[in-house]
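Here the structure comes first, spelled out in structure tokens, and everything after it is commentary.
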Amino acid sequence: VLLQNLQMSQSKFVMIEKENQICVLYGSQTGTAQEVAERIGRDAKKRHFSTKVLPLDAYPLANLIHQRLVVFVCATTGNGDPPDNMKTFWKFILKKSLPSNSLSLLNYAVLGLGDSSYQKYNVIGKKLFRRLEQLGGEPIQPVGLGDDQHELGPDAVIDPWIQQLWQNVLSLFPMAPGQTQLPDDYRLPPKYELKYLDPEESSESPVSIPESNMHLGEVLVNQRVTATNHFQDVRLVTVDISNSGFSYSPGDVLMVQPENCSESVQEFIECLQLDPNKLFILKQNDPDVSLPAELPQPCSIYHLLKTYLDINAIPRRYFFELMATFSEDELEKEKLQEFTTAEGQSDRYDYCNRVRRTTLEVLQDFKQTVPKIPFEYIFDLISPLKPRAYSIASSQKKSAMTVDILVAAVKYRTKLQKPRLGICSNWITSREPHSTLPVWIKPGSFIFPANPDIPVIMVGPGTGCAPFRSFIQERTSQNIGESYIFFGCRNQKKDYFFQEEWEKLEQSNLLHVFPAFSRDQEDKVYVQHVLLKQKALVWKLLDVEKAYFYIAGNANQMPNNVQDAVVEIVETEGGRSKNDAEEYVKYLEQTKRYQVECWS
Ligand code: 2AM
């Protein structure tokens, strides 16, 4: 009894202590949900809540049963899947074995972010909302459904939803007597405290703490696989993973932590008039925000800009909010403030997003404000560089100690004078043999059949063929299986990356290659056209031999166009109505025999 009493009083104590604590947990693929979550976190601080903002998979799930107040902000990806940084949480929360009253202490709100032009619009937010209620949670308000397609932008739904949230939260958890809400434009203290080191203190060389599972892999090969007169520079990059302990299977992805290019770092240093060699140490300034583990202590300004801050990202709305608080120049301040208002959003979109203007370029536009930025706020203004995922294009069955990836150097023009460059792809393609890449491995979404009796049909135009090269190597190096690849490119002579390799493998009869060259003749020939040409074969493989079917590549129209072709094949070859053919493909999808992985 004593023990029970003690436990009860302890749990009461915990509850009381957590009364004014709020957790904002997010699942974010492109960063939008994270941005919204951080905004809700700042709002919470201005209302004197102790606040944690975390990606769902970084949150210790067992704690959820003690939480009184959690706001979930969850994006839905194109396929209707949860974002990568909430996948573990998602599996857990859907478990049937969870008791139905396990979240009875929880008050929650769910804001979904999605795109209504996709079939599976906002399914993650909607499902999560229902699931939390099933588990005994108490919703604070209806699920919010942010829509990228909304004519006034997603904020048109998000803003009023958040306003409503605070009304409801404060009626459940009012501020303490005497506390008042800080004004919207109140500038919160910086995330971290920054202390410069005196030169005599800085004799020690900085030690960096690498990501726990990160490996500095040597670049063994960096070979252009498109003709020099082709518009696009695509590289086959081979990275050494000996001594890393990594093992991988077809379908897995290589994560690469990029650096900024030296020119932009130099420009940034000039723009902010920084001393690149100056060393600093960071200290926690908020008990709920831990220090970035990736940065060495002490760290040089140069290292910070080269490896950590995403100085070429398009600035977020909050960037302008914060900049406005520093500005003392009337014109610049007015412009910055305008970009933060509801009415100013389409102007901000035109100025930044439409033309892909970088943070560095924006800073160069606000010359009077830049000298007023206290440097420790740089961590609040600019997000960290994010790792990028590349489908692995090799098999460990063939080469145990290396990983291949296929990287297209992203370069395009907008109305701005300078061409836009993809940060990670251009950094990788600039890496000479013997230099290193910080890499680690993650599972991708593809699951390939282990049984070699099952034929596999793979549709991968352009760099979409990368995961399929991995699976082809996996099978052919063991002399097993029957694989069919439909590959698409512009010209046989310019961007048919693996022509020689695959034609050789075809002689073994284990691989069958069906190329589509879109620009070698007047009419476009795409992978879906070649699929339709092979419809009898495709139908036989699907229906009789129970083949698995895969699509990978750049999003846009390709996956839908290919799906239409498959439906047509089922219709004409299988003698089914359109409706039944669609059901057939849906069934393949449900049984994992039809899988799609796309990127933009
Ligand atoms: P295009 O650039 O000539 O239009 C790899 O990018 C290949 O995919 C190219 O040959 C490209 O053709 C082609 N492609 C572009 N859009 C496509 C679509 N909707 N479906 C299939 N292939 C497409």
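Start at 1 and go down the list; that is how both ligands and their atoms are numbered.
For ligand 1, the atoms closer than 4.0 angstrom to any heavy atom of Q557 are 19 (N). Short contacts between ligand 1 and G488, defined as distances under 4.0 Å to a heavy atom of the residue, involve ligand atoms 5 (C), 7 (C). Close contacts of ligand 1 with M558, meaning ligand atoms under 4.0 Å from a residue heavy atom, involve 18 (C), 19 (N), 20 (N), 21 (C). Remark: ligand 1 atoms within the under-4.0 Å shell around heavy atoms of G462 are 5 (C).
Below 3.5 Å of separation, one finds an N or O of Q528 facing an N or O of ligand 1. Checking only distances, V527 never comes within under 3.5 Å of ligand 1, N or O to N or O.
For atom 4 (O) of ligand 1, the closest non-hydrogen atom of the protein is Y526 OH, 2.6 Å. Shortest contact from atom 2 (O) of ligand 1 to any protein heavy atom: R490 NE, 2.9 Å. The protein atom (non-hydrogen) at minimum distance from atom 8 (O) of ligand 1 is P461 CB, 3.7 Å. In this structure, atom 19 (N) of ligand 1 lies nearest to the protein heavy atom N561 OD1, 2.9 Å. In terms of protein heavy atoms, atom 9 (C) of ligand 1 is closest to S518 OG, 3.8 Å.
Taking the six-membered ring where tryptophan is involved, the planes of F448 and F468 are perpendicular, since the angle between them exceeds 60° and thus also 30°. Between H529 and Y526, the ring planes are parallel. Angles under 30° get that label, and only those over 60° would be called perpendicular. Between F486 and F514, the two ring planes are parallel [angle under 30°; tilted spans 30° to 60°].
The distance between the ring centers of F549 and Y484 does not fall below 6.0 angstrom.
Of the N and O atoms on the side chains of R431 and T429, not one donor lies less than 3.5 Å from an acceptor on the other residue. A donor atom on one side chain and an acceptor atom on the other are found under 3.5 Å apart for S395 and E474.
When every heavy atom of N491 is checked against every heavy atom of F517, the shortest pair comes out as C-CD2, 3.9 Å.
By the 6.0 Å and 45° rule, R593 does not stack over the aromatic ring of Y587.
Using a 4.0 Å cut-off between heavy atoms, R519 contacts ligand 1 through its side chain alone, with no backbone atom that close.
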